[in-house]
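Please read the structure below before turning to the comments.
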Amino acid sequence: MKIETKCLHEGWKPKNGEAHALPIYQSTTFNYDSTEHIGDLFDLKAEGYFYTRLANPTVGFVEEKIAALEGGVGCMCTSSGQAANMIALLNIMGAGDHMICASEVYGGTINLFGVTLEKLGIECTFVDQNAPDSELEKAFRPNTKLVFGETIANPAISVFDIERFAGLAHRHGVPLIVDNTFATPVLCRPFEFGADIVTHSTSKYMDGHAVQLGGAIVDSGNFDWKDYPGLTQPDESYHGVTYTETFGKLAYITKARAQLMRDIGASPTAHAAFLLNLGLETLALRMERHSANAQAAAEFLAAQPEVEEVNYPGLKDDRYYGLGQKYLPKGASGVVSFSLKEGREAAVKFMDSLELASNVVHVATVKTCVLHPASETHRQLSDEQLIAAGITPGMIRLSVGIENIDDIIKDLEKGFRAVR
Ligand SMILES: *Cc1c(COP(=O)(O)O)cnc(C)c1O
C-alpha cells in the first residue's frame, strides 16, 4: 500500500460484522478466564491487554498505523510529545550519561534536555547542526549514548541532514533519534536515511485539528543495542527478561513500554487515540495541501518589500533548499517564518490586523495561525538574546492552513497594508 492508503487502512482492520470505524475501548482493565493467563501476560509470555496504562486496544491499533506509516517495527503512543521524547531518551540513558542534540530543536525539548534531564544527571551538548563533521566529532564523549535532531526545526525551519548525523552517530556506536513532528511520515521517513528511532508530537499535524495532545515513539528495529546493558542484561524489575534476547528487533520499544510506561504512566486514553486516528486518516491529503499553500505563501512573502527574510526550504534561495530537495521532495510542510524589516512593533501591528489567521500558541493545524516569538513564546528574552537564538524581533511564524490560498494571501495583504 502507498502512504495515502496506509493512512486509512493500517491499524484497525474490521472483520465480518465488526465496526467500520475504530472502536473506543473505554476500559482500564481486561477480563481473563485464568490466573495463569494473567501471569503469562505479566511475564510477557502471552500477548494481550491487561491494564490501559501499559496497553489498550484502541491505542494499539493507532500504534500499528503509525509504525506502518514510518516503516518501523513497533510504536508506542504517549500522552504528549514531551512524554515521547522523555521516554525515548530515558529508555537508553541514565545518570552519568551524555547526549548530543541539535541546538535549533523545539524550545520545550531544549528545556527538557537542558534543564530537567540535567537535574537527573544526564548531560546534553547542543551543537550547530550545520557545523562540519570535524567540529561535531568533538562533541562525542566515551559516555555519549545518543544523538537527537528534528527533521524540520521550529521556528528556524531548518532541515536536519539525517543521513549525515546517522553516519556520525553510528561511527560512535550510538543511535540517532529524530523528532519527525513537522514533516510527518507523509513528507519524510527518517528510517530511510538511517535514523534509528523516530518521535512525534502527534498534537501537531497528525492530530491536525488542535483537539488532542499526544506523542509517539517509533522503533526502526535496526539498531544493534550491544553496548546498552539495559537492553542486553536481565531486567530484574521485569522477571529477569532480557529485551534483546526475547524480543529481537522489538527490544527497544518493548522495554519502553514494559519498564518506562509502567513506571512513568504517560499513556494516552482510548478516546485520545480515537481522535488521533481520525486525524491520521486524512494526514496525507492535508500535508499535500499544507505544503502547496505554504509554498505559495512563502513565495508571496518573499516578493514583498517590507519583508527582510523568509525561511522556507521550498524557496530556491533558502539556505535549506538543497536539503529540502533531498529529505522533503513531496513538499516542505506548512510552517513558514518571516521577518519584517521594521522590527518588533511592525510585526505586532501586522499580526493584529490579520482576520483569517488565528493568533494562537500552536502550529501545524488545519486553520492558518500566526505567532510572534518575540512577544509570546520567547518574550523573556532581550532583542540581543533573541538574535542569538536565531529569532529576530520582527519574526513571525506562520502556520499555513488548508484554507483556499487566495483567502490566506488576502489576509496577509491586510497585514502588509497595516504596516505600509
Ligand atoms: C510541540 C512539539 C513537541 C512537544 O509536544 P507536545 O505534544 O506539545 O508535548 C515536541 N517536538 C516538536 C517538534 C514539537 O513541535
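Just follow the structure's listing: the first ligand is 1, and inside any ligand the first atom is 1.
Some N or O of Gly81 is nearer than 3.5 Å to an N or O of ligand 1, by distance alone. In terms of polar-atom proximity, Asn85 is not counted as a contact of ligand 1, lacking any N or O under 3.5 Å from an N or O of the ligand. No N or O atom of Tyr106 sits closer than 3.5 Å to an N or O atom of ligand 1. Between Gln82 and ligand 1, at least one pair of N/O atoms sits closer than 3.5 Å.
Both tests hold for Lys204 against Tyr106: distance to the six-membered ring centre under 6.0 Å, angle to the ring axis within 45°.
Ligand 1 places these atoms under 4.0 Å from at least one heavy atom of Phe182: 15 (O). The atoms of ligand 1 that sit less than 4.0 Å from any heavy atom of Thr181 are 12 (C), 13 (C), 15 (O). Distances below 4.0 Å separate heavy atoms of Lys204 from the following atoms of ligand 1: 1 (C), 2 (C), 3 (C), 14 (C), 15 (O). Those atoms of ligand 1 with a heavy atom of Ser203 less than 4.0 angstrom away are 6 (P), 7 (O). Residue contact check: Glu150 has heavy atoms under 4.0 Å from atoms 13 (C) of ligand 1. Close approach to Gly214 involves these atoms of ligand 1, each under 4.0 Å from a residue heavy atom: 7 (O).
Comparing Thr151, Val335, Asp207, Asp179 by heavy-atom distance to atom 12 (C) of ligand 1, the nearest is Asp179.
For Phe350 and Phe338, the distance between ring centers is under 6.0 angstrom. The distance between the ring centers of His290 and Tyr205 falls below 6.0 angstrom. The aromatic ring centroids of Tyr252 and Phe223 lie 6.0 Å or more from each other.
For His172, the side-chain hydrogen bond (donor to acceptor under 3.5 Å, both in side chains) test picks out Glu137, with sequence neighbours left out.
Thr125 has its side chain out of reach of Phe140: every pair of non-hydrogen atoms, C-beta onward, lies at least 4.5 Å apart.
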Original post:
Step by step, would you call Arg257 with Glu63 a salt bridge (charged side-chain N to carboxylate O under 4.0 Å, His left out)?
Top reply: CA-CA 12 Å; Arg257 186 185 302 280; Glu63 290 170 339; 3.0 Å; yes
**OP:** Decide side chain to side chain donor-acceptor pair (under 3.5 Å) for Thr392 and Ser339; before the verdict, give the C-alpha distance in whole Å, the side-chain angles of both, and the deciding distance to 0.1 Å.
**Re:** CA-CA 7 Å; Thr392 58; Ser339 296; 2.7 Å; yes
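No heavy atom of Ala364 sits closer than 4.0 Å to any atom of ligand 1.
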